[in-house]
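See structure below.
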Amino acid sequence: MARENRPPSASARRALEHAQEGLEELRRTLGTPPPAFHRREGAATTELPLAAPTGELQALLTARKTTRTFDPARPTTLAELAVVLRSTFGAHGAAMLADDLVVVRKSSPSGGGMHPIEAYPLVVRVDGIEPGIYHYDAERHALTCLEQLTAEAAEALVEVATAGQSYLRSAHVLVVLTARFRRSFWRYRGHPKAYAVLLLDAGHLSQTLLLVCTDLGLGAYVTAAINNANIDERLRVDPREEGAILACGLGRAAAREELQVEFAPFVPHREAEPDL
């Protein structure tokens, strides 16, 4: 089916103009951006074969994109949210390494196998569950309600949680990722790389979430621009023990994406063949 070629809406034009103004301000204050590609000079260059990738995983990776605008008239279903949470944050195996140390197997890697990242879905529009702040209980594959909200209050909280990024507030669910610091630091106490590993763990999980959403036909985004202090307060966690480090929005994408860049196909550049 051919894509309908409609002119952008007034809100889309404003969003694009705001984004363009932001980029121009960055150029004025920070100068020319570094190039997108980086090349090093060496003794020789070996061009790699342009093998045509195949398979479901490759198709999924190619289809993955960032979605920022979601359809309020077509909520995400509870079954879809359940698949996203279990596939991303759920446990798929468990092992007892000592009397008091249980390790679990998940779909993403984790430093030392500790899996200290927790998921807190802020539900805005999901058929089958009321809006509110929830904790995903991976052991029971269940949602525990921490605070009930109206849909309007939940949507406003998405904007607050994402540090005022108003174009992200239409997400049907905002999954806040926190780190249980003690879980990781028990093993890596005083290690200079301990906090960096927590950020890596959250990054792995965000990519898994985006791929699962893509497979389900849902849109998703990830942002590190979050209001940590406000989120920790609403989740009622002690930031010395557990704190927010990342957030992922998801839902059914709107028919028109207001801030979507149109990418042209890219083929690696080849050096010109020498004349013989």
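Listed by chain and number, the residues in a side-chain hydrogen bond (donor to acceptor under 3.5 Å, both in side chains) with Thr223 are Gln165 (sequence neighbours excluded). Under the side-chain hydrogen bond (donor to acceptor under 3.5 Å, both in side chains) criterion, Glu159 pairs with Arg169, sequence neighbours left out. Under the ring pair (Phe, Tyr, Trp, His ring centres under 6.0 Å) criterion, Phe266 pairs with Phe37, His269, sequence neighbours left out.
Minimum heavy-atom separation, Gly111 to Val197: CA-CG1, 3.6 Å. Considering every non-hydrogen atom in both Ala202 and Ile117, the closest pair reads N-CG1, 4.2 Å. Of all heavy-atom pairs spanning Thr162 and Tyr221, the tightest one is CG2-OH, 4.4 Å. Leu250 approaches Phe70 most closely through the heavy-atom pair C-CE2, 3.7 Å. When all heavy atoms of Pro121 and Leu143 are compared, the pair lying nearest together is CG-CD2, 3.8 Å.
Looking only at distances, no side-chain donor or acceptor of His115 sits under 3.5 Å from a matching main-chain atom of Pro109. Between the His135 side chain and the Leu235 main chain, no donor and acceptor come within less than 3.5 Å of each other. Judged purely by atom type and a 3.5 angstrom limit, Arg252 has no side-chain atom pairing as donor or acceptor with the backbone of Gly219. A donor-acceptor pair under 3.5 Å links the side-chain atoms of Arg74 to the main chain of Ala253, judged by distance alone. Of the possible polar contacts, none joining the Thr178 side chain to the Ala244 backbone as a donor-acceptor pair under 3.5 Å is found. In this structure, the side chain of Lys106 engages the main chain of Phe89 through a donor-acceptor pair within 3.5 Å. Between the side chain of Ser184 and the backbone N or O of Pro116, no donor-acceptor pair lies under 3.5 Å. Checked by atom type and distance alone, the side chain of Asp137 never pairs as donor or acceptor with a backbone atom of Thr144 at under 3.5 Å. Under a 3.5 Å cut-off, the side chain of Arg105 and the backbone N or O of Ala94 do not form any donor-acceptor pair. Formation of a donor-acceptor pair under 3.5 Å by the Thr214 side chain with backbone atoms of Ala63 is not found in this model.
Atom CD of Gln58 sits in a crowded spot, with more than 12 heavy atoms from other residues, nucleotides or ligands closer than 6.0 Å. Counted within 6.0 Å of CD on Glu56, heavy atoms from surrounding residues, nucleotides or ligands total 12 or fewer; the atom is thus considered open. At most 12 heavy atoms of other shown residues, nucleotides or ligands fall within 6.0 angstrom of atom CD in Glu139.
Pairs of residues two or more places apart, or lying in two chains, that qualify as salt bridge (charged side-chain N to carboxylate O under 4.0 Å, His left out) and include a residue from residues 238-250 are Arg182-Glu241, Asp238-Arg240.
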Review point. Could you go step by step and tell me if Leu157 and Leu149 meet the side-chain contact (heavy atoms from CB on, under 4.5 Å) rule?
Key: CA-CA 10 Å; Leu157 185 55; Leu149 300 168; 4.0 Å; yes

Exercise for review: Please lay out, stage by stage, how Glu80 and Leu218 fare under the test side-chain contact (heavy atoms from CB on, under 4.5 Å).
Suggested key: CA-CA 9 Å; Glu80 289 169 331; Leu218 300 174; 4.0 Å; yes

Exercise for review: Apply the test ring pair (Phe, Tyr, Trp, His ring centres under 6.0 Å) to residues His191 and Phe185: give CA-CA distance (whole Å), side-chain angles for both, the deciding distance (0.1 Å), then the verdict.
Suggested key: CA-CA 8 Å; His191 197 291; Phe185 295 171; over 10 Å; no

**Study point:** Leu209 and Val84: CA distance, side-chain angles, deciding distance, side-chain contact (heavy atoms from CB on, under 4.5 Å) verdict
**Key:** CA-CA 6 Å; Leu209 183 144; Val84 172; 3.9 Å; yes

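Other members of the hydrophobic cluster containing Leu97, listed by chain and number, are Leu101, Val103, Met114, Trp186; membership follows side-chain contacts under 4.5 Å among ILVMFWY residues, whether direct or relayed. Leu61 shares a hydrophobic cluster with Leu57, Leu60, Leu211; the chain of contacts runs through ILVMFWY side chains whose heavy atoms sit under 4.5 Å apart.
The residues Arg27 and Glu24 are annotated as not salt-bridged, no charged nitrogen and carboxylate oxygen being separated by less than 4.0 angstrom.
Note that OG of Ser170 is 7.0 Å distant from CD of Glu155, once rounded to the nearest 0.5 Å. Here OH of Tyr195 is found 11.5 Å from CG of Leu200. Values are rounded to the nearest 0.5 Å.
Side-chain contact annotation: Thr77 with Asp127, donor-acceptor N/O pair under 3.5 Å absent. Using modelled atom types, one finds no donor on one side chain facing an acceptor on the other under 3.5 Å when comparing His204 with Ser108.
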